[in-house]
2 protein chains.
Amino acid sequence: MADGSTVPSSPPTLHDVAREAGVSIATASRALNGSSRNVRSENVSRVRAAAAKLNYEPHLSAQAIARGSTRTVALVVRDVADPYFSAIAAGVVQATEEAGLIVTMAVADGSPERELEIVRTLRGQRPRVIILAGSRIEGAGVRDALVEELAEYRTAGGRVVLISQRDLPFATVTVDNRGGAAELARALLGLGYRRFAVFHAAPEIRTSRDRYEGFLAELAAAGMPEPLAIETGFTRAGGYEAARRLVDRGFEDVEAVFAVNDVMAIGAMTAFRDAGVMPGTDIAVAGFDDIEPALDVLPPLTSVAVPLREAGLSAMRLALSDGGEAGVRHPVGVVLRDSTPPRRSA
Amino acid sequence: MADGSTVPSSPPTLHDVAREAGVSIATASRALNGSSRNVRSENVSRVRAAAAKLNYEPHLSAQAIARGSTRTVALVVRDVADPYFSAIAAGVVQATEEAGLIVTMAVADGSPERELEIVRTLRGQRPRVIILAGSRIEGAGVRDALVEELAEYRTAGGRVVLISQRDLPFATVTVDNRGGAAELARALLGLGYRRFAVFHAAPEIRTSRDRYEGFLAELAAAGMPEPLAIETGFTRAGGYEAARRLVDRGFEDVEAVFAVNDVMAIGAMTAFRDAGVMPGTDIAVAGFDDIEPALDVLPPLTSVAVPLREAGLSAMRLALSDGGEAGVRHPVGVVLRDSTPPRRSA
DNA sequence: TTGTACGCGTTATCAC
DNA sequence: GTGATAACGCGTACAA
């Protein structure tokens, strides 16, 4: 029972490295990450060698507590599996790793209460940054509680960045949802469509509301009749269900459907087809986001391109460049495809 | 300048709570999360009230260092934006949150070296669990280094779980890739197909290799000629490109394409269509994974259903129920759709 | 340039 | 039941 015992051996500490290198703990610390260069280069290499030999890796929690700040970025999304959020997450993770930081992830699942709870417990992590993507915080008291919580966090030195949620006193990266929807409306009008249905989500979801309103406003400005509005879930299943409802009630004179995001639009296309209604032929369909699958469905989906990954990158950039409540707004662009073919004028 | 100064106020500590409640730090600690029940209930509520009033949240790093263990689960994936991995990640996150733990995420981007580097620095987090999904570790020395690194981590009390990567001395959750591919081959033979092309990825990607080999083995067992193999990327772009190559060379007598995952298959379908070759009509296409978009493309994609989210859940379950090198293997099932219509016998 | 010693916020081990 | 106090692993004055 001399040395070969390989039981729960704990990882080497700075102490071990120092001993191995024959220097003090302080010197070892300085040699490995000292902001001060005041260490004899010979000792530096000695310490580095010892660290490498022992396969030493500094205990991040210990560093955090000693330094008074962590290296983590907390990301809160509605749903990782949704391509919209996973694209944003990909951008956040990339930028975070490039900055040498660590991402922690939490899923709010569309519940404002859950989101508030997450933010509350998140503070225990003492993250450097909190990024909220796709929150749904228009609901009365929860909203205020969340704002207060975030404000307190910021007062303690944290950075808050919201993605796609403006009107809150924090740095924000948005996309021009209203403008994009309006542009889409103009494009569809230009193609000859006149009677629309809009599949939108609950107004608490800001993204949905902005797109919905932008579309409506443009239609109204063009003197068009009000479109048929169907409220449903902000998901593929929601789009599918809304399309079924539309088919069931008989869609009268509706010529084109605008679903406020692509997964809804794609779900709707499949529902139409399942009901024997051919998207692109019997009814036009347009979405929003221009996620990858939009190219792969048939007919390819008309959409509004949103730089999702870029939004994630911007969020981190914003967080690191301690700007105030500034915000960046990404432009979007309509992409016309075969799901909305030109319509022969009535 | 008395009390209203709201500058960088740091978050309340246990000390503050104790003072506010009029008890000692030790009592406060015990009242909030002490495993020992030896605290007067009156004091418990007093402390709880103080904590609530101050909006106290325990410093996780401090707890980690005091307790000697963190509450984090480290997840390493190839790419968050890929629906395959985001589905797995969703499962992992869900199970982790249910267990009251925290997920950190890192992206390996398909590089074994990067993955090794990630695992190395990950040890600094002292995570309770490391989950590797979709690694690519068959490459010579990197593989051994990774195994050694993980083994060392485990010796220090950490739990390692691999998803979709067997043959390594760690707990593993796999899906029956070989069996599923063989079953798919049988099904396609049953539909009357005889001449195949297979789009597969580099053999270092174990998942791809297993599916490829399973498909080949079944074909061979049935006395079929060897299929045309095209190696490409494990992504949508890879599938697209492989399909282009197949079209360019003229695909002779190939009747059906098996792409080793759905995103490749979907990319291939789009490429075929772009080239004027109608998938399902001019050429059959089958994939693997049965991700959601498989239902939305036209024709709907024949695939092999893999319980991705379940795999993520299993991984966490495995990690928490300190089993040894055990493993779970999820069954898969062929789902025939219109992308592989029955073929009139030759 | 280096080492000693203290502090970070928390838990755990003691006495009381 | 409770309160000092010593850890935990590290950074960093301060002194040498």
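All chains are named by letter (A, B, ...) in the order of the sequence lines, taking the proteins before the strands, and each is independently numbered beginning at 1.
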Original post:
If you count the non-hydrogen atoms of other residues, nucleotides and ligands that lie under 6.0 Å from CZ in B:Arg48, is the total more than 12?
Top reply: no
Original post:
With a 4.0 Å cut-off, would you call B:Arg143 and B:Glu148 a salt bridge?
Top reply: no
Original post:
Just by distance, do the side chain of B:Thr70 and the backbone of B:Arg126 share a donor-acceptor pair under 3.5 Å?
Top reply: yes
Subject >> Donor-acceptor under 3.5 Å (B:Arg78 side chain, B:Gly134 main chain) >> reply: yes
**OP:** For side-chain hydrogen bond (donor to acceptor under 3.5 Å, both in side chains), just list the numbers for B:Gln125 and B:Thr104, CA-CA rounded to whole Å, side-chain angles, deciding distance to a tenth of an Å, and then say yes or no.
**Re:** CA-CA 9 Å; B:Gln125 290 184 35; B:Thr104 73; 3.1 Å; yes
**OP:** For A:Asp16 and D:dC10, give me the distance from atom CG to atom C1', rounded to whole Å.
**Re:** 13 Å
Subject >> Integer-rounded Å distance: C:dC8 C1' and B:Leu60 CG >> reply: 15 Å
**OP:** Round to the nearest Å and state the distance from B:His15 atom NE2 to C:dT11 atom P.
**Re:** 15 Å
Subject >> Salt-bridge contact B:Arg120-B:Glu149 (side-chain N to carboxylate O under 4.0 Å) >> reply: yes
**OP:** Find the distance B:Arg71:CZ to C:dT10:P and express it as a whole number of Å.
**Re:** 15 Å
Between N or O atoms, less than 3.5 Å apart, protein on one side and nucleotides 2-6 of chain C on the other: list the pairs.
unit_1: C:dT2; atom_1: OP1; unit_2: A:Asn43; atom_2: ND2; d: 2.2
unit_1: C:dT2; atom_1: OP2; unit_2: A:Arg40; atom_2: N; d: 2.8
unit_1: C:dG3; atom_1: OP2; unit_2: A:Ser24; atom_2: N; d: 3.0
unit_1: C:dG3; atom_1: OP2; unit_2: A:Ser24; atom_2: OG; d: 3.1
unit_1: C:dG3; atom_1: OP2; unit_2: A:Thr27; atom_2: OG1; d: 2.6
unit_1: C:dG3; atom_1: N7; unit_2: A:Arg30; atom_2: NH2; d: 2.7
unit_1: C:dG3; atom_1: O6; unit_2: A:Arg30; atom_2: NH1; d: 3.2
unit_1: C:dG3; atom_1: O6; unit_2: A:Arg30; atom_2: NH2; d: 3.4

Original post:
Hey, is the main chain of B:Tyr153 close enough, under 3.5 Å, to the side chain of B:Arg123 for a donor-acceptor pair?
Top reply: no
Is there any protein nitrogen or oxygen under 3.5 Å from a nitrogen or oxygen in nucleotides 7-9 of chain D, and what are the pairs?
unit_1: D:dC8; atom_1: O2; unit_2: B:Ile65; atom_2: O; d: 3.3
unit_1: D:dC8; atom_1: O2; unit_2: B:Ala66; atom_2: N; d: 3.4

